[in-house]
J.: 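My structure is below; once you've seen it, I'll send some questions.
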Amino acid sequence: MISVTSKFTINRAALAQLDVAAAIALEQTAEALHTDVVQAQVIPRDTGNLQGEAFFVDKKDAPRGLVRLVHSAPYARRVYFNPDGLRFHRQAWESYETTLGKNGKERKRKVKHDGNPNARDHWYEPWLPGGEKGDFCAEKFKVLYRRAARKTGVMK
């Protein structure tokens, strides 16, 4: 009869470093997705608010494994799900804005807008599973996690 015994110790410091590396990689993956979505020019664009200052990465829960891409504009949900058949501006266009002049008289001013050529509703679909970029986040996280773990010295 053969008897085998073994002992192992868990390196809790190394596991903590890997948790930090995972949170860093998750934040960077979310930023990469944010950039990729903006560069793909799929978000409908009127004033630019929906893909500008109202579109950001919420990283506060990254240590718990959760990040969010947030569109804080109140109309984002309506535009994304597009229940009323909105038309998307896919090229540059002009509109007129009425303002009051210094003398109190109304005046019309021409405003130029830039459209996104690939604008659509459900603009995240290419990055969802089964979409043409469905593996974007997984692949990006894999690369960024390895890089962050190497910087901690845990992985070589």
Side-chain angles (χ1 to χ4, degrees), residues 1-93 95 111-156:
M1 178 171 208
I2 298 175
S3 174
V4 177
T5 60
S6 63
K7 260 186 170 179
F8 66 92
T9 56
I10 296 174
N11 186 342
R12 296 192 189 279
L15 289 177
Q17 287 177 323
L18 289 174
D19 286 344
V20 169
I24 290 169
L26 183 61
E27 289 177 14
Q28 292 173 343
T29 301
E31 290 290 350
L33 177 60
H34 176 265
T35 301
D36 203 48
V37 169
V38 171
Q39 288 178 348
Q41 297 181 335
V42 292
I43 301 172
R45 184 176 163 93
D46 185 1
T47 63
N49 189 41
L50 196 57
Q51 82 172 21
E53 63 270 3
F55 182 34
F56 60 93
V57 178
D58 178 5
K59 303 183 251 188
K60 70 179 179 227
D61 293 326
R64 294 184 335 164
L66 181 66
V67 292
R68 296 174 188 90
L69 289 181
V70 178
H71 290 279
S72 63
Y75 52 88
R77 181 178 306 200
R78 180 175 57 87
V79 174
Y80 186 82
F81 292 106
N82 194 23
D84 52 359
L86 294 170
R87 288 183 42 230
F88 299 121
H89 301 293
R90 298 177 190 268
Q91 66 276 342
W93 78 98
S95 66
V111 180
K112 289 189 91 174
H113 303 277
D114 292 321
N116 276 338
N118 305 318
R120 55 187 276 180
D121 57 357
H122 297 91
W123 53 84
Y124 288 115
E125 280 186 355
W127 292 272
L128 295 176
E132 62 196 50
K133 294 183 175 190
D135 61 346
F136 177 87
C137 289
E139 293 299 318
K140 186 63 76 171
F141 180 82
K142 189 179 352 177
V143 169
L144 294 171
Y145 181 62
R146 281 190 186 131
R147 186 180 304 156
R150 283 188 184 117
K151 283 184 181 179
T152 66
V154 175
M155 285 178 57
K156 294 179 183 176

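Just so it is clear, the values below take in all heavy atoms, side chains as well, and ignore hydrogens, waters and symmetry mates.
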J.: Determine the minimum heavy-atom distance between Ala119 and Pro44, stating which atoms define it.
T.: CB-CA, 3.8 Å
J.: Hey, what do you get for CZ (Phe81) to CG (Asp121), rounding to the nearest 0.5 Å?
T.: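 Nearest 0.5 Å value for the CZ-CG distance: 9.5 Å.
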J.: Could you measure the distance from the CG atom of Leu144 to the CG atom of Leu26? Nearest 0.5 Å is fine.
T.: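 Atom-to-atom, Leu144:CG and Leu26:CG are 10.0 Å apart.
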J.: How many angstroms lie between NZ in Lys142 and OG1 in Thr29, if you round to the nearest 0.5 Å?
T.: 12.0 Å
J.: If we ignore hydrogens and angles and just use 3.5 Å, is the side chain of His34 paired with the main-chain N or O of Val70 as donor and acceptor?
T.: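 No: the side chain of His34 does not pair with the backbone of Val70.
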J.: Tell me the closest heavy-atom pair linking Ala54 and Ala73, and the distance in Å.
T.: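 Reported closest heavy-atom pair: CB-N, 3.8 Å.
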J.: Please give me the minimum heavy-atom distance between Ala149 and Ala21, naming the atom from each residue.
T.: N-CB, 3.7 Å
J.: Side-chain contact, heavy-atom cut-off 4.5 Å: Asn49 with Tyr75?
T.: yes
J.: Over all heavy atoms of both residues, which pair between Ala40 and Asn118 is shortest? Give the atoms and the distance, please.
T.: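 Answer, listing the atom of Ala40 first, then Asn118: O-ND2, 2.9 Å.
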J.: For Pro63 and Ala23, work out which heavy atoms get closest and say how close.
T.: CA-CB, 4.0 Å
J.: Trp123 vs His71 aromatic rings, parallel, tilted or perpendicular, using cut-offs 30° and 60°?
T.: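 Perpendicular.
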J.: Would a distance-only check, ignoring hydrogens and angles, find a side-chain to backbone donor-acceptor pair under 3.5 Å from Asp58 to Lys60?
T.: yes
J.: Output, in order, the C-alpha distance, side-chain angles, deciding distance and verdict of side-chain contact (heavy atoms from CB on, under 4.5 Å) for Thr152 and Val20.
T.: CA-CA 9 Å; Thr152 66; Val20 169; 5.6 Å; no
J.: How long is the gap from NZ on Lys133 to OH on Tyr124, to the nearest 0.5 Å?
T.: 13.0 Å
J.: Quick one: do Asp61 and Arg68 satisfy side-chain contact (heavy atoms from CB on, under 4.5 Å)? Show the steps, please.
T.: CA-CA 9 Å; Asp61 293 326; Arg68 296 174 188 90; 3.3 Å; yes
J.: Measure the CG-CD distance between Asp36 and Glu31 for me, rounded to the nearest 0.5 Å.
T.: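 So the CG of Asp36 and the CD of Glu31 are separated by 13.0 Å.
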J.: Name all residues meeting the ring pair (Phe, Tyr, Trp, His ring centres under 6.0 Å) criterion together with Tyr145; count only those two or more places apart in sequence or in a different chain, and write none if there are none.
T.: Phe141
J.: After noting the C-alpha distance and the side-chain angles of Leu69 and Trp127, does the key distance pass the side-chain contact (heavy atoms from CB on, under 4.5 Å) rule?
T.: CA-CA 13 Å; Leu69 289 181; Trp127 292 272; over 6 Å; no
J.: Could you check Arg120 against Glu125 for side-chain contact (heavy atoms from CB on, under 4.5 Å), going step by step and ending with a plain yes or no?
T.: CA-CA 10 Å; Arg120 55 187 276 180; Glu125 280 186 355; 3.2 Å; yes
